[in-house]
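Chain A is the first sequence line, chain B the second, and so forth, proteins listed ahead of strands; every chain is numbered from 1.
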Amino acid sequence: KNQVEQSPQSLIILEGKNCTLQCNYTVSPFSNLRWYKQDTGRGPVSLTIMTFSENTKSNGRYTATLDADTKQSSLHITASQLSDSASYICVVSAASGTYKYIFGTGTRLKVLA
Amino acid sequence: EPEVTQTPSHQVTQMGQEVILRCVPISNHLYFYWYRQILGQKVEFLVSFYNNEISEKSEIFDDQFSVERPDGSNFTLKIRSTKLEDSAMYFCASSDHSQETQYFGPGTRLLVL
């Protein structure tokens, strides 16, 4: 069964600190993996997208990694800011003619001053 | 910057009533999607639409749901006879020909009483 699991469920850090969020998946056949940021009550906003051949991709203070062998991804946030407080969602696409999107449950990050 | 818009932002309806949720995707996009997110749960894929027809749908998207692109700009989701469990945030998204990034709208919060 195609599944996407994320950890931790929630995380509290102090402003300026770094953090790493984890995503494990069992989606097959794998097409790509996305990380989204979702503010409360808003739609998700794309941060990164990675295909099978990509190991690392950065977007400002966000760096995503992908290990297609172990089916794991991480999202590292550097020098966190108060505005980073949000849910971070890992979404894996299965290649099945058209794209099928499997969402993780997200990690709720709270950055404190 | 172009964005996906959705109306209404909130909708309250009685069980058994029909509702139509409206979306205006980004103008040069070709692929359109509907997702829902029940409060406190993960985002779930409902349907994707391309070239005026459904390209993929999930098991959630049963006969009570339908989608339409009635003109060149709007993309609608109709729920024929709402149930209590249809209460959720409904997100519309669109992407260009590459389908690399989906741009989400702000969502419509539907409450079925």
Side-chain angles (χ1 to χ4, degrees), chain A residues 1-10 21 23-27 29-54 57 59 62 64 66 86-108, chain B residues 1-7 9-10 21 23-26 29-51 53-61 88-111:
Chain A
K1 183 181 176 184
N2 288 331
Q3 282 189 315
V4 177
E5 302 287 341
Q6 290 186 245
S7 62
Q9 255 188 333
S10 61
L21 314 179
C23 174
N24 298 327
Y25 62 92
T26 57
V27 177
F30 175 84
S31 176
N32 58 61
L33 184 147
R34 297 171 164 86
W35 281 95
Y36 284 90
K37 177 185 178 186
Q38 185 179 23
D39 292 309
T40 302
R42 304 297 302 274
V45 175
S46 179
L47 295 175
T48 64
I49 178 170
M50 301 178 73
T51 58
F52 185 88
S53 58
E54 295 176 297
K57 184 167 278 190
N59 177 5
Y62 302 103
L66 175 64
S87 288
Y88 291 84
I89 305 171
C90 175
V91 183
V92 181
S93 296
S96 57
T98 55
Y99 295 98
K100 186 177 290 185
Y101 305 94
I102 298 99
F103 283 69
T105 51
T107 291
R108 188 177 299 277
Chain B
E1 185 177 329
E3 57 184 18
V4 176
T5 59
Q6 290 185 243
T7 54
S9 59
H10 296 78
L21 310 182
C23 168
V24 179
I26 294 173
H29 283 187
L30 302 174
Y31 296 85
F32 314 113
Y33 315 84
W34 281 102
Y35 296 85
R36 79 172 185 191
Q37 186 175 29
I38 296 170
L39 187 63
Q41 298 186 22
K42 63 182 180 180
V43 176
E44 299 172 292
F45 169 74
L46 293 178
V47 66
S48 59
F49 191 86
Y50 170 73
N51 199 26
E53 60 182 28
I54 291 173
S55 45
E56 192 154 16
K57 60 183 180 180
S58 71
E59 58 274 11
I60 302 168
F61 193 88
M89 182 78 100
Y90 288 81
F91 293 108
C92 171
S94 69
S95 60
D96 64 17
H97 65 281
S98 73
Q99 298 184 72
E100 187 169 291
T101 300
Q102 291 184 14
Y103 295 85
F104 283 75
T108 293
R109 186 173 295 282
L110 176 66
L111 179 61

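- Interface remark: B:Tyr35 contributes side-chain atoms only to the contact with chain A (heavy atom separation under 4.5 Å).
- Between B:Phe49 atom CZ and B:Ser55 atom OG the span is 8.5 Å, to the nearest 0.5 Å.
- The OH atom of A:Tyr88 lies 3.5 Å from the OH atom of A:Tyr62; values are rounded to the nearest 0.5 Å.
- At a cut-off of 3.5 Å, with distance as the only test, no side-chain donor of A:Tyr101 or B:Ser48 sits close to an acceptor on the other residue.
- No other option in B:Phe91, B:Phe104, B:Tyr31, B:Tyr50 has as many heavy-atom pairs under 4.5 Å with chain A as B:Phe104.
- Judged purely by atom type and a 3.5 angstrom limit, A:Thr107 uses its side chain to pair as donor or acceptor with the backbone of A:Pro8.
- Ranked by heavy-atom pairs under 4.5 Å with chain B, the first of A:Gly104, A:Gly106, A:Pro44, A:Ser87 is A:Pro44.
- The part of B:Gln37 that comes within reach of chain A is its side chain, from C-beta onward, which places non-hydrogen atoms under 4.5 angstrom from that chain.
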